[in-house]
Amino acid sequence: KTVPKPRPSKSIPKKVAPEPAPRPSISLFGLGNDAPTEKSRPLKSVPKPRPPKKEPPTPAQAPRSTISLFGFGGGRGTSASKSVPVPKAPTKKAAPRGVPTLTQWTKNRDGSITGRITGSSQFDKNEKVTTSSIASGEITSGSVVTTKSGSRYFLA
């Protein structure tokens, strides 16, 4: 048998699909290439609708009061017209010069005070001490007391 010889093939150009035209795209999150191209067209902006103008209330429409749930907000309630006095933070007094300070102190049944002392040359800083009974001074924070033995302490 004879095998047919292959024929020399003629170069037939293949059909190539045309490149699709680039489509305009919108980046939802501000990512991507923002550079304009020749083929890109700017998007038309849509005007925002304006809210209707508010007219003053008629006598039949009395303004309603608003309740602020957490102390903030823009309501027209009475809280905006009344001023509430804000309590001032107590100012901390400093111990007078040369008077040791007692911190974390408690008053004992016998009239003495036990606490941690600072500013004394006789004791280590924050050493726990108990005074003799208090002879004068108010036993409150921020005051200076004097013991029966004559020692003075600032109660912080």
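Within 6.0 Å of the CD atom in Glu127, the count of heavy atoms belonging to other residues, nucleotides or ligands exceeds 12.
Cluster membership check: Val145 shares its hydrophobic cluster with Phe123, using side-chain heavy-atom separations under 4.5 Å among Ile, Leu, Val, Met, Phe, Trp and Tyr. Placement of Trp105 and Phe154 in two distinct hydrophobic clusters is found when ILVMFWY residues are connected by side-chain heavy-atom separations under 4.5 Å, directly or transitively.
Taking 4.5 Å as the limit, every side-chain heavy atom of Ile134 sits out of range of all side-chain heavy atoms of Tyr153. Under the 4.5 Å side-chain criterion, counting only non-hydrogen atoms from C-beta, Pro96 is in contact with Val144. No side-chain heavy atom of Ile113 sits less than 4.5 Å from a side-chain heavy atom of Thr147.
Between Ile117 atom CD1 and Asp124 atom CG the span is 10.5 Å, to the nearest 0.5 Å. A distance of 10.5 Å separates NZ in Lys107 from OG in Ser133, rounded to the nearest 0.5 Å.
Side-chain N or O atoms of Thr101 include none that pairs as donor or acceptor with a backbone N or O of Ala95 at under 3.5 Å. The backbone N or O of Ser112 lies less than 3.5 Å from a partner atom in the side chain of Asp110, making a donor-acceptor pair.
Glu138 approaches Leu155 most closely through the heavy-atom pair O-CD1, 4.4 Å. In this structure, Thr114 and Lys128 approach most closely via the heavy-atom pair CG2-CE, 3.7 Å. Looking at every heavy atom in both residues, Ala156 comes nearest to Ser141 through O-OG, 3.7 Å.
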